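What you see is a predicted model, and the numbers here were worked out from it, not measured in a lab. Only this structure's heavy atoms are used, side chains among them; waters, hydrogens and symmetry mates stay out. Every chain is numbered from 1, with letters handed out A, B, ... down the list of sequences.
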Protein chains: 2
Amino acid sequence: MTEKKYRDDDAVLKLENQLCFAVYACSREIIKRYRPHLDALGITYTQYITMMVLWEETTISAKVLGERLLLDSGTLTPLLKKLEKQGYITRQRSDEDERLLMITLTDAGQALKTSAAEIPYKIACDVGLELTEGIALREKLKQLTKDIREGNCEYSK
Amino acid sequence: MTEKKYRDDDAVLKLENQLCFAVYACSREIIKRYRPHLDALGITYTQYITMMVLWEETTISAKVLGERLLLDSGTLTPLLKKLEKQGYITRQRSDEDERLLMITLTDAGQALKTSAAEIPYKIACDVGLELTEGIALREKLKQLTKDIREGNCEYSK
DNA sequence: TTGAATTTAATTGCATACAACCAAATTAGC
DNA sequence: GCTAATTTGGTTGTATGCAATTAAATTCAA
């Protein structure tokens, strides 16, 4: 039983036992699957989820966009400039508050939605999860993300 | 019902409905939680999971290491050079096959494991999942990663 | 009302990720 | 044995991610 205890202590630092690595690896593999479909549209994965927010909102401040995507300005600023250069969005300061950078979907950006519409179906096929199972997994991950962000554990600062 | 159909079509491109974004966002938030603990050790998250494999194997080829971590040489090569510079590993060509770069844990690398041993417990506290629930989520993600990599769907190339 | 605190983007620096390409070593066929 | 194909790392270029800092605009407070 001493030996068993030894193995258990070691187990917490084994890669295969890490939830973090399971999430991290899965994320990268999923995004890799999107690439060929997104290459056809000329956008990256991060640009794709950014456009997704714009297809819902049409106009949104960079700050709120960052909150939705959980990305900060260091990531968003260059990404939004690229989307502007590609003609999918416009970037202009708010009249009421010059600090706010308002992002607006262009007609070309709206048109891109039509091209993107088939992607989720193609990916769903890859994933091979039942719809209800996929939804359950997604909601579990959302809850986990929320818990981690709120961090109600005093142990870790 | 026409209106309902319209809403359903739109739903597939909504950010909140994407499993990919749930995984992607969760991954980044988890890694963000690791940062303060890993900063104390002077390593990054990717270096941490790399060391995790070395703590199990002691010696491993760069190729097999990449297969374990699902990372390619473009990511691993500079990362391993940094770990070598920090004294945690050695990099040397195999005698039998000069193409193979053998990575070996040093004493300092082994010692680092002791410092890292508490991290999983601290993170587990943040995550706030029941053990069995965390295991279930982890295994679900592993299966999903496997399915995506194998990609038994002819629809997406 | 005016100087301090706050908010919001942008910038900088560092560390991934990964596709595409390249070079060296090895193996396979003939 | 010798050449072609394969294997394995390394390099390059592009695009994130994110902490830390800066700068401009706005709000708050005495």
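- When the nearest nucleotides of DNA chain D are assigned to B/K32 and B/A62 by heavy-atom distance, the more 5′-ward of the two goes with B/A62.
- Across residues 85-94 of chain B, B/R91, B/R93 each have a non-hydrogen atom less than 4.0 Å from an atom of DNA chain D (numbered order).
- At the heavy-atom level, A/L79 lies under 4.0 Å from the strands shown only through sugar-phosphate atoms.
- The residue B/E67 sits apart from the nucleic acid: no heavy atom pair falls under 4.0 Å.
- Closest to the side chain of B/E98, from the set C/dA9, C/dT26, D/dG17, is C/dT26.
- Dashed line: the shortest gap from a side-chain N or O of B/K81 to OP1 or OP2 of D/dT11 is under 4.0 Å.
- Neither OP1 nor OP2 of C/dA17 sits under 4.0 Å from any side-chain N or O of B/T75.
- Comparing B/K63 and A/D95 along DNA chain D, the residue whose closest nucleotide (by nearest heavy atom) sits nearer the 5' end is B/K63.
- Of the candidate nucleotides D/dT8, C/dA17, D/dA25, D/dT8 has the atom lying nearest to any side-chain atom of B/R99.
- Between B/L19 and A/G134 the shortest heavy-atom distance is CD1-O, 4.1 Å.
- The local environment of CG in B/D39 is crowded, with over 12 non-hydrogen atoms from other residues, nucleotides or ligands closer than 6.0 Å.
- A/L38 places its CG atom 15 Å from the C1' atom of C/dA19, with the value rounded to the nearest Å.
- Ion pair A/K140/B/E133 flagged as a salt bridge, since at least one NZ, NE, NH1 or NH2 atom sits closer than 4.0 Å to an Asp/Glu carboxylate oxygen.
- As rounded to whole Å, 15 Å separates atom C1' of D/dT16 from atom CG of B/L71.
- Put simply, B/R35 has no side-chain N or O that comes within less than 4.0 Å of OP1 or OP2 on D/dC18.
- Of the candidate nucleotides C/dA17, C/dT26, D/dA25, D/dA25 has the atom nearest to the side chain of A/D97.
- A/E29 comes within 4.0 angstrom of nothing in the nucleic acid, heavy atoms only.
- No side-chain donor-acceptor contact under 3.5 Å links A/Q47 to the backbone of A/K82.
- Between A/E57 and A/R68 there is a salt bridge, since at least one side-chain N of the basic residue sits less than 4.0 Å from a carboxylate O of the acidic one.
- A straight line from CD of B/E84 to C1' of D/dG10 spans 14 Å, rounded to a whole angstrom.
- A distance-only check finds no donor-acceptor pair linking the side chain of A/R149 to the backbone of B/E29 [under 3.5 Å].
- If you take CG of A/D72 and P of D/dA15, they are 18 Å apart, rounded to a whole angstrom.
- At the heavy-atom level, B/L70 lies under 4.0 Å from the strands shown only through sugar-phosphate atoms.
- Protein atom CG of B/L100 is 13 Å distant from nucleotide atom P of C/dA25, rounded to whole Å.
- Here the closest non-hydrogen pair linking B/L76 and B/A62 is CD1-O, 3.9 Å.
- On a pure distance criterion of 3.5 Å, a polar donor-acceptor pair joins the side chain of B/S73 and the base of D/dG10.
- Atom CZ of B/R28 and atom C1' of D/dA19 are 15 Å apart (whole Å).
- Distance alone, capped at 3.5 Å, is enough to place a donor-acceptor pair between the B/T106 side chain and the B/Y88 backbone.
- What you find for A/L105 and A/M51 is that their closest heavy atoms are CD1-CE, 3.5 Å.
- For A/M52 against B/L13, the heavy-atom pair with the smallest separation is CG-O, 2.6 Å.
- For residues 40-60 of chain A, proximity to DNA chain D is found at A/T44, A/T46, A/Q47, defined as any non-hydrogen atom under 4.0 angstrom from a strand atom.
- Atom CG of B/L65 and atom P of D/dG10 are 12 Å apart (whole Å).
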